[in-house]
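Quantities reported herein were computed from a predicted structural model and do not represent experimental measurements. Sequential numbering from 1 along the given sequence is applied to the chain's residues. Hydrogens, waters and symmetry mates are skipped; everything else that's a heavy atom, side chains included, is used.
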Amino acid sequence: MISCYPQLLSSNLDKTIKPKMDFLRDVGFSTPDLIFLLSKNPYIFARSLDNRIVPAYGFLKGILGTDEAVILTVKRAQWLLSKDLHNLMGSKIGLLQDHGVPNSRISAFIKRKPRCFLGVHLDRFTEALTKVKAMGFEPSSSFFDVAIGTITGISESHWEEKFELYRSFGWSEDDILSAFKKQPQIMNLSKDKLRKMMDFFSKELGLGLSVVSHYPNLLLLSLEKTVIPRWSVIRVLMSHGILNKDVNFYSICHLKEKEFLEKYVIKYQEKIPQVLEAYQGRTVIGG
């Protein structure tokens with residue numbers, strides 16, 4: 001804190017520091033919360049308690065509803081209480097309301113991605129909102145704000161590069177837009193991850209392009225932690241005639257870990273010990 005804000009050493013403890021600490025404790029910040037917040041944003045001590053911190057906190061609570069929600073959001077964007085939130089966020093919130101986005105979705109948007117409301121210019125935000133509506137996203141949909149956050153988070157050139165990458169996999173523009181509507185975060189994935197995932201789905205699982213574009217959530221999974229271990233287990237079970245080749249691997253990938261273990265590993269490990277070996281990575285894919 002001192003290295004970032006050396007003026008802290010000359011601050012008046014009783015008049016400058018203590019009142020702010022007391023306010024933050026009173027609204028529910030725990031000691032670990034305060035340590036985290038102040039280490040990330042010591043400049044909060046330079047802001048007026050009455051003119052900046054309290055109004056910012058009140059603005060957030062009016063939207064998010066509870067102290068707990070405000071604290072969670074501030075921990076994600078530690079400089080929130082240092083800003084004039086009414087001027088910085090009010091126009092974007094009003095814009096979303098004007099386009100029919102429910103207050104519950106606006107609240108969820110702010111909690112999930114507060115930086116989108118402060119770090120993105122209003123013109124860029126408006127442009128993204130217009131683009132998302134033109135794509136057919138419903139304002140009440142949980143993906144409406146996710147799509148806005150995704151578009152505002154990447155440059156136009158980056159957007160085009162991702163489109164070109166998906167085209168290189170054989171996807172049409174309709175395929176890409178359809179997949180984006182189902183899971184906007186596919187545009188945030190790195191090129192390296194996308195190539196590895198598509199290569200594995202195509203060569204190892206034999207999944208057609210239409211299958212992956214229809215189930216874009218597959219691309220968000222971890223290849224090493226989820227896809228490969230589960231496919232290894234399924235492959236062992238298929239080789240023993242327990243499962244057939246028409247098994248829905250998409251559904252299997254989206255089982256909770258405990259469910260998958262109980263249904264496909266624990267259930268068969270005594271009769272077929274190889275399922276545990278496969279799950280633990282001791283069975284080589286393609287071998």
Exercise for the section: Say whether, by atom type as modelled, one donor and one acceptor occur between the side chain of Gln78 and the main chain of Lys75 under 3.5 angstrom. Expected result: yes

Problem - Residue pairs involving residues 213-230 (criterion salt bridge (charged side-chain N to carboxylate O under 4.0 Å, His left out); sequence neighbours excluded) - result: Arg230-Glu257

Practice task
Would you list the pairs meeting salt bridge (charged side-chain N to carboxylate O under 4.0 Å, His left out) in which at least one residue belongs to residues 100-111, sequence neighbours left out?
Solution key: Arg105-Asp145

Distance-only donor-acceptor pairs under 3.5 Å for side chains of residues 132-144, two or more places apart:
from	atom 1	to	atom 2	distance (Å)
Ser141	OG	Phe143	N	3.0

Return the set of residues passing ring pair (Phe, Tyr, Trp, His ring centres under 6.0 Å) with [X] (not counting sequence neighbours), or none when no residue passes.
X      : value
Phe109 : Phe117
Phe249 : Trp231
His254 : Tyr250

My understanding is that only residues two or more places apart in sequence, or in another chain, count here; which of them pass side chain to side chain contact (heavy atoms under 4.5 Å, CB included) with [X]?
X      : value
Ser157 : Ser155
Asp192 : Ser190, Lys196
Lys203 : Asp199
Asp175 : Trp171, Ser172, Ser213

Exercise for the section: Please collect all side chain to side chain donor-acceptor pair (under 3.5 Å) contacts where either partner lies in residues 81-90, sequence neighbours excluded, each pair once. Expected result: Asn41-Ser82, Asp84-Asn87

Practice task
State which residues pass salt bridge (charged side-chain N to carboxylate O under 4.0 Å, His left out) with Glu259; sequence neighbours excluded, sorted by chain then number.
Solution key: none

Problem - Pair Lys182, His214: side-chain N/O donor-acceptor within cut-off below 3.5 Å - result: yes

